[in-house]
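Below, chains carry the letters A, B, ... as their sequence lines are ordered, and counting in each starts from 1. Keep in mind the model is a prediction, meaning the values are calculated, not measured.
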Amino acid sequence: MTEEKSLNFIEEIIEEDLRTNKHGGRVLTRFPPEPNGYLHIGHAKSICLNFGLAKKYNGKTNLRFDDTNPVTEDVEYVDSIKNDIKWLGFEWDKELYTSDYFQKLYDFAVILIKKGLAYVDESSAEEIAAAKGTPTEAGKPTSARSRSVEDNLRLFEEMRAGRYQDGEMVLRAKIDLANPNMHLRDPLLYRIKHAHHHRTGNEWCIYPMYDFAHGQSDSIEEITHSVCTLEFIPHRDLYNWLIENIGIYESKQYEFARLNMTYTVMSKRRLLQLVNEKLVDGWDDPRMPTISGLRRRGYTAASIRNFCDRIGVAKRENMIDFGLLEFCIREDLNKTAWRRMAVLDPVKLIITNYPEGKEEILIGENNPEVEGGEGEREIPFSRELWIERDDFMEDAPKKFFRLGPDKQVRLKNAYIIQCDDFKKDSDGKVTEIHCSYIPNSKSGEDTSGLKVKGTIHWVSALHAKTAEVRLYDRLFQVENPVLEEDFKSTLNPDSLTIINAYIEPDLANAIVGRGYQFIRLGYFTLDKLTSSDKLIFNRTVGLRDNWAKETNK
RNA sequence: UGCCCGAUAGUAUAAUGGUAGUACAUCUGAUUUUGGUUCAGAUAGUCUAGGUUCGAACCCUGGUCGGGCAACCA
């Protein structure tokens, strides 16, 4: 008997609806992206919620593209969105498009006009905005508000027929110009756009506003629980007004707080700016909070799903520590990533008592977290090695468990060595470290009886291969960039560092899409730009580093 | 100064009128051929003032603070 996880407020609503048989036991949600950008981690929260709800309550989820604005939308985005959802591990029931409903929506508009609840207004955008008043001041009608039903019908038909230019007139709902909810002050329903639509081509020159499409689309599909983010709360009254006056299925909307994360931005508009201004290398730049960026960075779908599970669902504004996402990917990769050795900042180490020309093949487990280690790989060893520069200190503090004059460490999967000497150049930079090894201390057959505190990673200089390694840091320097006058001014100039590293030979067999732990360094994955003559690794995330914490005290 | 939403450890999120818990973060200690992992422990919270009640994080009222709303965007 496991302890039951507490319900979020939407699950509570659904369970209550199920209890009262409100929808005949039916649960149908939908995920409604606009195809005008790539999905980001905030969308992942919504995807996990909508698809997760359906899965949990034996329901279904539709994928519906909200494609009511042909000017900003594109099939490239449609394809990327479908790909990302599948990659995250979810399956939609129906693939739908708001544009499928253009005729229905047009008919709904006609119904409203005939009921005297909608009118064509030829006022300019500025005039209409001015006539809406302010939150504390009622709006005033434009002269168009009193137009006859017959004239409205005729004008709306003419709008559709292409008699008018973009912006010449709009269709508005006739609701209440004094309503404290600004969205009810005769909102726009249709506007003229002589634009090519990625699905309907040139069939239409008028397009419904989002507000005239979204709620009714939910209604057409008979969505039982329409889940969206907080900023649509004031729109709900309008959707309900439309549904009631058109007389269609009552779909109910519930709102939750969108995801915000530290040191990044979470709006398609801003992410698009970064892409367009070439401040990042496209939507899938590994520094981007997009699903495709995280995937390229080495994040797994499971880690993102776990993250979304952990952050919860509520109505209060929130700012999630980016460190939580990092915890989730470390948790996943620790269990699955194969261990390999690589040296990012090399210094030469010579084992003076190891015969010149001698080579040995040592064995290393692929994954110590799993019984049996998931097999093993061969690691060549020889007299000259590369080790990490900061694994050696001439004047080390007491608790430094690595190399230094007269100190002993174990070489991972190899021998214990003792530092005898080292060389420096004229700038005082260490150029060479001389050690002697303890022959009977070999990993797995150690009879030396020696105990050493530290183990360091290494790569045989003779056998090492090289790779480009891309080290990523947070994209922004401040926790919440949008608080700045210009969010781009806080971009972190050091968010990407490209270095060349020595890697153990087996890493040449690395596979795109797999995570590797470079021992003591972090998790890495092959970048899509890798070619046959050049390996490129992205650092997904570093290992937790308590030593760094200690030294920063 | 209109309307709407919200407020529980540093960050999130539970407790739905009856012992304020969990995760991340932080700090101790143990284990460790990764200063990783794992394990054990610690620190730390109900915005405020009233009211209802035997009893309030929870219900009511006022206040404070935060967020949203006046695109031919979604």
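Computed from coordinates, the Arg402(A) CZ to rU34(B) P distance equals 13 Å when rounded to whole Å. Atom pair Glu317(A):CD and rG66(B):P shows a separation of 13 Å (rounding to whole Å applied). Look at CZ on Arg410(A): it is 6 Å from C1' on rU33(B), rounded to the nearest Å. The distance from atom CG of Asn179(A) to atom P of rC69(B) is 17 Å, rounded to the nearest whole Å. Between the CD atom of Glu369(A) and the C1' atom of rC39(B) there is a distance of 13 Å, rounded to whole Å. The CZ-P distance, from Arg310(A) to rA12(B), rounds to 17 Å in whole Å. Rounding to whole angstrom units, CG of residue Asp186(A) and P of rC72(B) are separated by 13 Å.
Under the Watson-Crick or G-U wobble criterion, with both distances below 3.5 Å, rG50(B) is paired with rC60(B). Both distances falling under 3.5 Å, in either a Watson-Crick or a G-U wobble arrangement, place rA42(B) opposite rU26(B). Taking a pair to require two hydrogen-bonding distances under 3.5 Å in either a Watson-Crick or a G-U wobble arrangement, rU16(B) remains unpaired.
Nucleotides rA25(B) and rG68(B) have their P atoms positioned 30 Å apart, rounded to a whole Å. Rounded to whole Å, the separation between the P atoms of rA20(B) and rA56(B) comes to 12 Å. For the C1' atom pair drawn from rU31(B) and rU37(B), the interatomic distance equals 10 Å after rounding to whole Å. A distance of about 16 Å separates the C1' atoms of rC24(B) and rG45(B), rounded to the whole Å. Taking atom C1' in both rA57(B) and rG6(B), one finds a spacing of 15 Å when rounded to whole Å. For the P atoms, the distance linking rU11(B) with rA7(B) amounts to 15 Å, nearest Å.
If you check distances only, the side chain of Arg339(A) never reaches the base of rU37(B) with a donor-acceptor pair under 3.5 Å. The base of rU1(B) is not paired with the side chain of Thr136(A) by any donor and acceptor separated by under 3.5 Å. A donor N or O paired with an acceptor N or O is not found under 3.5 Å between the base of rU34(B) and the side-chain atoms of Arg520(A).
Among the atoms of the strands shown, base atoms are found under 4.0 Å from some heavy atom of Phe400(A). When heavy atoms are screened at a 4.0 angstrom cut-off, Thr68(A) is found touching the sugar-phosphate backbone but no base atom.
Closest heavy-atom contact between Pro289(A) and Met266(A): CB-SD, 4.4 Å.
When distances are taken from the side chain of Thr455(A) to each of rA74(B), rU34(B), rA70(B), the shortest belongs to rU34(B). Nearest to the side-chain atoms of Phe401(A) among the listed nucleotides rC69(B), rG35(B), rA74(B) stands rG35(B). Nearest to the side chain of Lys132(A), among rA70(B), rU33(B), rU37(B), sits rA70(B).
In this structure, the separation between NZ on Lys193(A) and OG1 on Thr68(A) is 9.0 Å, given to the nearest 0.5 Å.
Atom NZ of Lys56(A) has more than 12 heavy atoms from other residues, nucleotides or ligands within 6.0 Å. Within 6.0 Å of CD on Glu371(A) lie no more than 12 heavy atoms contributed by other residues, nucleotides or ligands.
Cation-pi geometry between Arg270(A) and Phe487(A) is satisfied (NZ or CZ under 6.0 Å from the ring centre, within 45° of the ring normal).
When the side-chain nitrogen and oxygen atoms of Arg544(A) are compared with OP1 and OP2 of rU37(B), one or more of them lie within a distance under 4.0 Å.
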Point to revise | Test side-chain contact (heavy atoms from CB on, under 4.5 Å) applied to Phe381(A) and Ile351(A), step by step | key: CA-CA 11 Å; Phe381(A) 183 80; Ile351(A) 304 171; 3.4 Å; yes
